[in-house]
Amino acid sequence: MHTNHAVIWVDHHEAHVLFYDPEHNQIIRSNAKQAHLHHKANVIGSGNAPEDRHFFDEILAQVADVSEILLVGPGFAKGELQEYATEHHAAIAKKIIGVKTVDHPTDGQVLAYAKECFQRFEQLKGYT
């Protein structure tokens, strides 16, 4: 099933990619959650783990065919994903309509939030 809307909840440990079809009002989950763990012990630096290009590539590949993408999550990973998309996947980056901070909601809560954002975005597009 094709949909025009995807929301990605991401932190440095995992990503949930949810596709929303407003005509059928349903969640279409990605094939698999992207599990990602990293450790950075005994290393001088900021204390933040470096971005994982493979992790970001896998996430972005899942949303290549959608028209609008919303990035959400609790920390810096969502911004890093947006920056990575801008630098390495420009066509996908142009589809990102927003980057919002949310804690650790359920997939249903993420979808409800995304529906509101997509509806507001559609309304704003109508004014341009």
Side-chain angles (χ1 to χ4, degrees):
M1 177 182 288
H2 175 72
T3 179
N4 288 326
H5 301 92
V7 58
I8 302 169
W9 180 96
V10 62
D11 69 9
H12 286 105
H13 301 287
E14 65 181 332
H16 300 231
V17 181
L18 302 173
F19 300 92
Y20 175 62
D21 178 2
E23 291 181 19
H24 298 97
N25 196 30
Q26 64 180 325
I27 299 173
I28 306 160
R29 287 182 174 79
S30 63
N31 293 333
K33 291 182 183 175
Q34 301 299 317
H36 170 67
L37 298 174
H38 56 83
H39 303 281
K40 188 175 180 180
N42 302 320
V43 176
I44 297 173
S46 67
N48 296 323
E51 68 185 31
D52 183 332
R53 297 170 68 108
H54 179 70
F55 178 55
F56 287 166
D57 285 335
E58 285 185 39
I59 295 167
L60 294 171
Q62 293 183 47
V63 296
D65 294 333
V66 302
S67 301
E68 298 169 354
I69 303 164
L70 177 65
L71 303 179
V72 299
F76 295 110
K78 62 193 175 296
E80 292 169 0
L81 178 59
Q82 180 184 30
E83 185 177 319
Y84 182 80
T86 300
E87 293 174 8
H88 302 282
H89 300 274
I92 296 172
K94 291 178 184 176
K95 300 175 188 181
I96 297 172
I97 65 163
V99 180
K100 306 290 183 182
T101 299
V102 299
D103 194 20
H104 289 81
T106 65
D107 286 350
Q109 290 169 322
V110 169
L111 180 63
Y113 182 73
K115 285 166 53 173
E116 289 179 29
C117 290
F118 289 130
Q119 288 171 352
R120 280 185 290 200
F121 182 73
E122 293 298 324
Q123 289 172 346
L124 289 173
K125 281 190 345 186
Y127 290 114
T128 59

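A donor-acceptor contact shorter than 3.5 Å is absent between the side chain of K78 and the backbone of L70. A donor-acceptor pair under 3.5 Å links the side-chain atoms of W9 to the main chain of D103, judged by distance alone.
Separation of atoms CD1 (I59) and NE2 (H16) is listed at 10.5 Å; rounding is to 0.5 Å. Put simply, NZ on K100 and CD on E116 are 11.0 Å apart, with the number rounded to the nearest 0.5 Å. Here CD1 of I92 is found 6.0 Å from CD1 of I69. Values are rounded to the nearest 0.5 Å. Atom NZ of K95 sits about 13.0 Å away from atom CD1 of I97, to the nearest 0.5 Å. Once rounded to the nearest 0.5 Å, the distance linking SG of C117 with NE2 of H5 reads 11.0 Å. Interatomic distance, F55 CZ to E14 CD, rounded to the nearest 0.5 Å: 8.0 Å.
Closest non-hydrogen pair, V10 versus P74, comes out as O-CD, 3.7 Å.
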Take D57 and H89, measure what side-chain contact (heavy atoms from CB on, under 4.5 Å) needs, and give me the verdict at the end. CA-CA 9 Å; D57 285 335; H89 300 274; 2.8 Å; yes
Carefully, step by step, assess N4 and F118 under the rule side-chain contact (heavy atoms from CB on, under 4.5 Å). CA-CA 10 Å; N4 288 326; F118 289 130; over 6 Å; no
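Just one of V99, V72, L18, L81 meets the side-chain contact (heavy atoms from CB on, under 4.5 Å) condition when paired with I8; it is L81.
Ring pair Y84/F56 is tilted by interplanar angle, where 30° to 60° counts as tilted.
Atom NE2 of H54 has 12 or fewer neighbouring heavy atoms from other residues, nucleotides or ligands inside a 6.0 Å radius.
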